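Worksheet: the structure to be examined is printed underneath.
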Amino acid sequence: MADEVILLDFWASMFGIRVRIALAEKGVKYEYKEQDLFNKSPLLLQMNPVHKKIPVLIHNGKSVCESSIIVQYIDEVWKDKAPLLPYDPYQRAQARFWVDFIDKKMYDTSRKTWATKGDEQEAAKKEFIEVLKTLEGELGDKPFFGGDNFGYVDLCLIPYYCWFYSYETFGKFSVEVECPKFIAWVKRCLQRETVAKALPDEKKVFEFVSVLREKIGVE
């Protein structure tokens, strides 16, 4: 019997994009169900009753939640193609450490670059650049975070890129000026069809962020 795979997601979600890239890397066919984040569907609330958030992967009727956990699940279930996490236990632990770092540091600081004003925004810009510089340090001279091959850390980080235009425009700074190695890594990732096809247009994201700014009263 064929696997039934459904993804509950939102088009601009960097967390959902992670799952879409992972499924594409594995060649898994799935049904995509776009969710309204401001009017959550009964299916989303049923499948993720604890956090009530996207993305949710529904595999043969069972739900898996939280993007980094979903990506690891995909890697374990469809293990015959394109391994995402390293085989070596130490390297695997290191990959998980850096994704944990991204999850704890990247979202909140990047959000403040467009969702705040004045001194708070200036502090957020500095902190965001510091986070990117830390990631640049870990990348070093390697093509990808895992070495020569695109892997778990790359997959979990690259979805943020489609939001960079919004961060830079509202925050009035340039990531390429501050972190050229990071942008060189971005360009390598974008050469992968699985990545290029998954990232939404940055101008469309910008329009969405503009609406969010009005909703929270920043405009």
Side-chain angles (χ1 to χ4, degrees), residues 1-35 43-44 47-48 51 53-103 106-107 135 138-163 182-201:
M1 193 176 88
D3 283 324
E4 182 192 44
V5 183
I6 300 168
L7 178 61
L8 309 184
D9 200 358
F10 177 70
W11 69 271
S13 168
M14 61 275 287
F15 303 110
I17 295 166
R18 289 174 170 181
V19 180
R20 281 174 255 160
I21 295 173
L23 289 166
E25 287 283 331
K26 296 289 188 176
V28 177
K29 291 180 180 175
Y30 63 98
E31 181 183 353
Y32 179 90
K33 290 192 175 181
E34 180 77 3
Q35 301 296 298
L43 182 61
L44 175 60
M47 289 297 174
N48 190 359
H51 293 306
K53 291 178 179 177
I54 55 93
V56 178
L57 186 79
I58 306 170
H59 182 207
N60 295 332
K62 295 178 180 177
S63 62
V64 185
C65 306
E66 296 295 293
S67 64
S68 59
I69 293 170
I70 296 171
V71 171
Q72 291 182 56
Y73 176 83
I74 290 167
D75 198 36
E76 289 169 8
V77 172
W78 292 279
K79 55 185 176 223
D80 296 335
K81 187 180 177 187
L84 301 173
L85 278 111
Y87 290 115
D88 179 76
Y90 176 76
Q91 290 178 354
R92 189 178 281 248
Q94 289 302 302
R96 286 179 172 139
F97 170 86
W98 284 108
V99 170
D100 184 64
F101 174 85
I102 292 161
D103 285 346
M106 197 78 172
Y107 180 75
L135 289 165
E138 169 58 19
L139 180 64
D141 294 322
K142 304 188 297 288
F144 298 103
F145 281 90
D148 292 332
N149 298 315
F150 180 84
Y152 180 57
V153 180
D154 307 287
L155 184 152
C156 288
L157 181 56
I158 193 60
Y160 279 91
Y161 180 66
C162 62
W163 286 68
F182 189 89
I183 296 300
W185 164 80
V186 166
K187 289 173 181 174
R188 285 192 291 276
C189 290
L190 288 173
Q191 289 172 0
R192 296 182 76 81
E193 187 180 9
T194 54
V195 174
K197 281 190 170 180
L199 295 191
D201 181 74

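Predicted model only: the values in this text are computed from it and were never measured. We number each residue from 1, following the sequence as shown.
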Would you give the length of the straight line joining atom CZ of Phe10 to atom CG of Leu44, rounded to the nearest 0.5 angstrom? 12.5 Å
Nearest-0.5 Å distance, CD1 of residue Ile54 to CG of residue Asn48: 10.0 Å
If you draw a 6.0 Å radius around OH in Tyr32, do more than 12 non-hydrogen atoms from other residues or ligands fall strictly inside? yes
Hey, does Ile102 have a side-chain heavy atom less than 4.5 Å from the side chain of Leu135? yes
OH (Tyr161) with more than 12 external heavy atoms under 6.0 Å: no
Donor-acceptor contacts, no H, no angles, side chain residues 140-148, under 3.5 Å, sequence neighbours left out:
| residue | atom | partner | partner atom | Å |
| --- | --- | --- | --- | --- |
| Asp141 | OD1 | Lys181 | NZ | 3.2 |
| Lys142 | NZ | Glu138 | O | 2.7 |
| Lys142 | NZ | Leu139 | O | 3.2 |

Residues in salt bridge (Lys or Arg N to Asp or Glu O under 4.0 Å) contact with Lys197, at least two apart in sequence or another chain: Glu193
Side-chain (Arg20) to main-chain (Trp11) donor-acceptor, under 3.5 angstrom: yes
Arg92 bridged to Asp75 by N-O distance under 4.0 Å: no
Could you report the tightest heavy-atom contact between Leu7 and Pro55, atom names first, then the distance? CD1-CB, 4.1 Å
Roughly how far apart are Met14 CE and Ile158 CD1, rounded to 0.5 Å? 12.0 Å
Any Leu199 side-chain heavy atom under 4.5 Å of Leu190 side chain: yes
Non-hydrogen atoms of Cys162 and Ile17 that approach each other most closely: SG-CD1, 3.8 Å
In terms of ring plane angle, is the pair Trp98 and Phe101 parallel, tilted or perpendicular, where the classes change at 30° and 60°? perpendicular
I'd like to check Phe150 versus Ile21 (side-chain heavy atoms, cut-off strictly below 4.5 Å). Are they in contact? yes
The reported gap from NZ in Lys33 to CD1 in Ile6 (rounded to nearest 0.5 angstrom) is 4.5 Å
Indicate the atoms forming the closest heavy-atom contact of Ala95 with Val153, along with that distance. O-CG2, 3.5 Å
With Val19 as partner, the option from Leu155, Ile74, Asp9 fulfilling side-chain contact (heavy atoms from CB on, under 4.5 Å) is Ile74
Side chain of Asn60, backbone of Glu4: donor and acceptor closer than 3.5 Å? yes
What are the two closest non-hydrogen atoms of Cys65 and Met47, and how far apart are they? SG-O, 3.6 Å
Are side-chain heavy atoms of Arg18 and Ile70 found at a separation under 4.5 Å? no
Just how far is it from atom CG of Leu23 to atom NZ of Lys29, taken to the nearest 0.5 Å? 13.5 Å
CD (Gln72) and SG (Cys156) are apart, to the nearest 0.5 Å, by 8.0 Å
Would you call the rings of Tyr107 and Phe15 parallel, tilted or perpendicular if under 30° counts as parallel and over 60° as perpendicular? tilted
With distance as the sole test, does Asp88 use its side chain to make a donor-acceptor pair with the main-chain N or O of Tyr90 at under 3.5 Å? yes
Do Tyr160 and Trp163 make the cut of ring centroids closer than 6.0 angstrom? no
Glu25 and Ala82: which non-hydrogen atoms are nearest, and at how many Å? O-CB, 3.5 Å
Residue list, salt bridge (Lys or Arg N to Asp or Glu O under 4.0 Å) with Lys81, at least two apart or on another chain: none
Tell me the closest heavy-atom pair linking Trp78 and Lys26, and the distance in Å. O-NZ, 2.8 Å
Any Leu85 side-chain heavy atom under 4.5 Å of Arg96 side chain: yes
